[in-house]
Amino acid sequence: MTQTFTLHLPNIGRVAGEVIQGHVDVNVPMALQDQIENVRIMMRGSIVTYVLSVFLFLNVQLLRVDQQIWDNFNSPQNLQILTCPFSIQLPSGLPPSFHYSSGSLTAAVSYSISVVGARHGVFHANRRIRQIFSVVPPATAYELNAREALKQGWKGPWKPIVNNRKMRRGIFGDYADAKVELMLPDLQSFPMSTSIPFSCYFITRTKPVHRDDLDHKGEKLFPAPPDSPADVELGLKLLGHVRAHGSQHELNVKYDLKGSLGDKASVGNVRITTDEPVWNPLPDHKDKGTWTRGVQFEGFMSFPFAPTFSTATADWHYLLNFDMDYPGIGNHLVLEFPIHINSGCACPRPSSPQYNANVPYAYPLPSGPPPIKYLPA
């Protein structure tokens, strides 16, 4: 079916500050027959916060651009299809596209571009087509260098993150020890949707036992290190605040990270190294002591989520969470620490200030930033 006007714009993510270029094909005879007076490009962006429990709704406008590209008074009459180019620069300080909805709280940062055919009169509805697009902030030079170093295979320094806990199977008796050592690239911020290498080392030490208990009880000797990467829960916690008309409420949700620890379908993506058990005899008892065992998991993780950001009406940040559940009551070995996520994307520059309809996108490789999970349709 022939349309009155058609928007030609790559359906990709955008970086704040970039120039968005495209064109609209206007079917002139159809537009005149439909009594369309003019065609405009309307770009909109807003952050909406909604607190249902107290019926508070706040819409803060982030972006508003109107650009007329055709009118019926100055249109060539001898053309069937008229190509109307447009070029709009996004503000450099836009927050990333974002969506959170849980219970009575909603926070959304959204952007769209519309082509609107204006028709005169109350009973003549405007013609409109609309395209949603996502936006991420531009990465700094440091963040761009870090992303490139990760893509080439990390050769920089590593940061250790350690936690240990005493635990016992029942409510009485001696305590055993469990420890986790995580190694990540020593970076201030991690790029979204980029493979991040990690090494996760679990070490356990039993309570005092007889030396031959390892042969008799084997893996049942408490606490045993995890057998499989699927035994370790790996998630990302989203924390933050929603504000509307003086009312503030907390954001709190946990996302599973696929393709690594905790994902049964991705066990093959993780390298496993198991230590030989080490016997530690007690100084006053030659046949009694503790067994130390360890297992190391090496792989990659990725964060396909909106970059960390703060606005006047909503802010959000992330915590990376490792959780190993050992037998017994409350024997969770948890490692939790903040992770700052950046876009990892530079602001693209148009190759020419002049728009060419035969090359509808000015700079090469129009792939845009990687997609963000958990955005509204």
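Only this structure's heavy atoms are used, side chains among them; waters, hydrogens and symmetry mates stay out.
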>> Just so I know, are the side chains of Arg293 and Thr206 near enough to count as touching, which here means a heavy-atom distance under 4.5 Å?
In response: yes

Under 4.5 Å between side-chain heavy atoms, counting indirect links through other Ile/Leu/Val/Met/Phe/Trp/Tyr residues: same cluster for Val209 and Val278 or not?
no

Counting heavy atoms not belonging to Gln33, are there more than 12 under 6.0 Å from its CD? no

Rounded to the nearest 0.5 Å, the OG1 atom of Thr273 sits from the CD atom of Glu298 at a distance of 5.5 Å

Can you tell me if Tyr100 uses its side chain to pair, donor with acceptor, with the backbone of Gly240 under 3.5 Å? no

Review item, side-chain donor-acceptor pairs of residues 158-165, under 3.5 Å, at least two apart:
unit_1	atom_1	unit_2	atom_2	d
Asn163	ND2	Val334	O	2.5
Arg165	NH1	Gly330	O	3.0
Arg165	NH1	His332	O	2.7
Arg165	NH2	Gly330	O	2.9

Exercise. Side chains of Pro191 and Glu143: does their closest heavy-atom pair fall under 4.5 Å?
Worked result: no

Considering only heavy atoms from C-beta outward, does the side chain of Ile81 approach that of Thr6 to under 4.5 Å? no

For Val116 and Phe5 the tightest heavy-atom approach is C-CZ, 4.4 Å

Verdict with supporting geometry, Thr311 and Leu62, side chain to side chain contact (heavy atoms under 4.5 Å, CB included): CA-CA 11 Å; Thr311 74; Leu62 302 170; over 6 Å; no

For Val39 and Cys84, run side chain to side chain contact (heavy atoms under 4.5 Å, CB included): C-alpha distance rounded to whole Å, both residues' side-chain angles, the deciding distance at 0.1 Å, then the answer. CA-CA 10 Å; Val39 176; Cys84 304; over 6 Å; no

Connected to Leu239, directly or through other members, by ILVMFWY side-chain contacts below 4.5 Å are Leu319

Worksheet item: Does any non-hydrogen side-chain atom of Tyr111 lie less than 4.5 Å from one of Leu63?
Response: yes

I'd like to know if Ile20 and Met42 are part of one continuous hydrophobic network [Ile/Leu/Val/Met/Phe/Trp/Tyr, side-chain heavy atoms within less than 4.5 Å].
no

Tracing side-chain contacts under 4.5 Å among Ile, Leu, Val, Met, Phe, Trp and Tyr outward from Tyr201 reaches Ile203

One should read off an interatomic distance between Leu32 CG and Asn27 CG, to the nearest 0.5 angstrom, of 9.0 Å

To the nearest 0.5 Å, atom NZ of Lys237 lies from atom NE2 of His317 at 10.5 Å

Side chains of Ile36 and Asn72 in contact at under 4.5 Å (non-hydrogen atoms):
no

Check your understanding: Are any side-chain N or O atoms of Arg243 and backbone N or O atoms of Gln248, one a donor and one an acceptor, separated by less than 3.5 Å?
Key -> no

(message) Tell me whether Thr4 contacts the main-chain N or O of Met30 through its side chain, where contact means a donor paired with an acceptor under 3.5 Å.
(response) no

Heavy-atom side-chain proximity of Leu187 to Tyr142 below 4.5 angstrom: yes

Here the gap from Arg205 atom CZ to Asp177 atom CG, rounded to the nearest 0.5 Å, amounts to 4.5 Å

All heavy atoms of Leu9 vs all of Phe86, minimum pair found to be CD1-CZ, 4.3 Å

| query | Checking Asn280 side chain against Thr290 main chain: does a donor-acceptor pair fall under 3.5 Å? | reply | yes

Has Trp316 got a side-chain atom pairing as donor or acceptor with Val242's backbone, closer than 3.5 angstrom?
no

Apart from Leu52 itself, its cluster of hydrophobic side chains linked below 4.5 Å comprises Val48, Tyr50, Phe55, Phe57

Given the rule that I, L, V, M, F, W and Y join up when any side-chain heavy atoms are under 4.5 Å apart, are Leu282 and Leu214 in one cluster? no

Check your understanding: For Ile41 and Val115, what are the C-alpha separation, side-chain angles and deciding distance, and is it a side chain to side chain contact (heavy atoms under 4.5 Å, CB included)?
Key -> CA-CA 5 Å; Ile41 295 293; Val115 183; 3.8 Å; yes

Charged N-O contact under 4.0 Å between Lys166 and Asp174: no

- prompt: Is it the case that one hydrophobic cluster holds both Val267 and Met301, taking links as side-chain heavy atoms less than 4.5 Å apart, direct or via other members?
  reply: no

Main chain of Arg211, side chain of Trp291: is a donor-acceptor contact present, judged purely on distance under 3.5 Å? yes

Shortest non-hydrogen pair, Leu144 vs Ala346, comes out as CD2-N, 3.6 Å

For Thr204 and Pro223, the nearest pair of non-hydrogen atoms, with its separation, is OG1-O, 2.8 Å

**Item:** Close aromatic pair by centroid cut-off 6.0 Å: Phe305 and Tyr255
**Value:** yes

(Q) Are more than 12 heavy atoms, taken from residues, nucleotides or ligands other than Arg40, located less than 6.0 Å from that residue's CZ atom? (A) yes

Before you tell me yes or no, could you show the steps for Glu233 and Asp325 under side chain to side chain contact (heavy atoms under 4.5 Å, CB included), namely the whole-Å CA-CA distance, both residues' side-chain angles and the distance that decides it to 0.1 Å? CA-CA 8 Å; Glu233 184 179 340; Asp325 186 13; over 6 Å; no

Margin query: What I'd like to find out is whether the side chain of Phe198 reaches to under 4.5 Å of the side chain of Leu182, using heavy atoms alone.
Written below: yes

Here the gap from Leu150 atom CG to Thr194 atom OG1, rounded to the nearest 0.5 Å, amounts to 7.0 Å

For Ile171, the hydrophobic cluster (side chain heavy atoms closer than 4.5 Å, chained through members) also holds Phe172

* Does any N or O in the side chain of Ser260 come within less than 3.5 Å of the main-chain N or O of Phe300, such that one atom is a donor and the other an acceptor? -> yes

Residues Pro137 and Ser343: closest non-hydrogen pair is O-OG, 2.5 Å

Polar side-chain atom of Arg128 near backbone of Ala118 as donor-acceptor pair, under 3.5 Å:
no

Looking only at heavy atoms, the pair that brings Pro371 and Met192 closest together is O-CE, 4.0 Å

CG of Leu261 to CZ of Phe297, rounded to nearest 0.5 Å, is 7.0 Å

Any Glu336 side-chain heavy atom under 4.5 Å of Asn321 side chain:
yes

Practice prompt. Output yes when a side-chain donor or acceptor of Asp71 lies under 3.5 Å from a complementary backbone atom of Asn74, and no otherwise.
Written response: yes

- Message: Would the distance check show the side chain of Asn331 and the main-chain N or O of Arg168 forming a donor-acceptor pair, the cut-off being under 3.5 Å?
- Response: yes

Under 3.5 Å, side-chain donor or acceptor atoms of residues 88-99 against the rest of the protein: list the pairs with distances, not counting sequence neighbours.
unit_1	atom_1	unit_2	atom_2	d
Gln89	NE2	Gly17	O	3.1
Ser97	OG	Val135	N	2.9

